[in-house]
Amino acid sequence: MSTNTIILITLLVFISGNIVAFLYSWLVLYTDTFKNLRIQKAKYKPGIFFKRLPLILLNITLILTVTAVSLYFFSDIFETDFPQQWWLIPAQILIIAFVDDIWFYTAHWLLHANKFLLRHIHSVHHRAVHPHPLEYMYEHPLEWMAGSLGVALGLVVISLIMPLSIYAFWIYGALRNLHEMNLHSGIKSVINPYIPFLKNAEDHDLHHSRSKGNYASMFNIWDRVFGTVIKH
Ligand SMILES: [Zn+2]
Ligand SMILES: [Zn+2]
């Protein structure tokens, strides 16, 4: 598979996820489709969708550009043949998720513990007190790029111990996008409670309404280990 094909498919995976997020936000904000499933009943500010757009579009542009440039130089890191043992793909997805979530927990905890970082960087994301799906991309560009480093770290860890499958990267990229928009949807979780150790929208929604605790994104392990769980 050529480098250009890898870049093109990766960008398509990311862009499709963003389109889903736009549609989901539109349904949440402008229709009654999910009205009865909302976690917080507070009304959204008028025009919030368009108010959030400039920074969200900047962050989308940033991530697409950095991803394309990184793949141009480092696409050799990936094995593009489908692995003979299919289970290597879910195993690698789990490893990336694990590393990504340790990174996210640490960075997110630090963004709250350090008052300078909280005031000048993370406060942007916390303008969303009752978030809607698109707001997982509404954050300071520095925080947005730092958050993406967790995925890169997961890829590097795997490539050091075994051939890294491009399919694991693509599937994780799509799942991470869906998970993040679900966490910020403000809509009660339907599937998440049935998946062991997985964080749900209620956990992260509470983080936004109280601006503390529940720092992990993917798994509920780290908040339990470090005593940062908050509940209703
Ligand atoms: Zn958030
Ligand atoms: Zn936070």
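These numbers come from a predicted model, not from an experiment. Each ligand, and each atom within it, is numbered from 1 in the order the structure gives.
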For this session: Using distance alone, with no hydrogens and no angle criterion, decide if H179 and H184 have a side-chain donor and acceptor under 3.5 Å apart.
Result: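 There is no such pair (donor and acceptor under 3.5 Å, judged by atom type) between the side chains of H179 and H184.
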
For this session: Quick one: the NE2 of H122, the Zn ion (ligand 2), NE2 of H112 angle, rounded to 10°, please.
Result: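 With the Zn ion (ligand 2) as the vertex, the angle is close to 90°.
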
For this session: Tell me how many protein N, O or S atoms are closer than 2.8 Å to the Zn ion (ligand 1).
Result: 4

Exercise. Going by side-chain heavy atoms closer than 4.5 Å, which hydrophobic residues are tied to V129, directly or by a chain of links?
Worked result: none

Problem set entry | ILVMFWY cluster membership beyond V156 - transitive side-chain contacts under 4.5 angstrom |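 Members alongside V156: L160.
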
Acceptor/donor pairs from residues 80-89 side chains to any protein atom, 3.5 angstrom cut, sequence neighbours excluded:
none

Seminar exercise, completed: With T61 as partner, the option from N59, L64, T65 fulfilling side-chain contact (heavy atoms from CB on, under 4.5 Å) is T65

Exercise. Is the H140-H120 ring centre distance short of 6.0 angstrom?
Worked result: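 No, ring centres 6.0 Å or more apart.
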
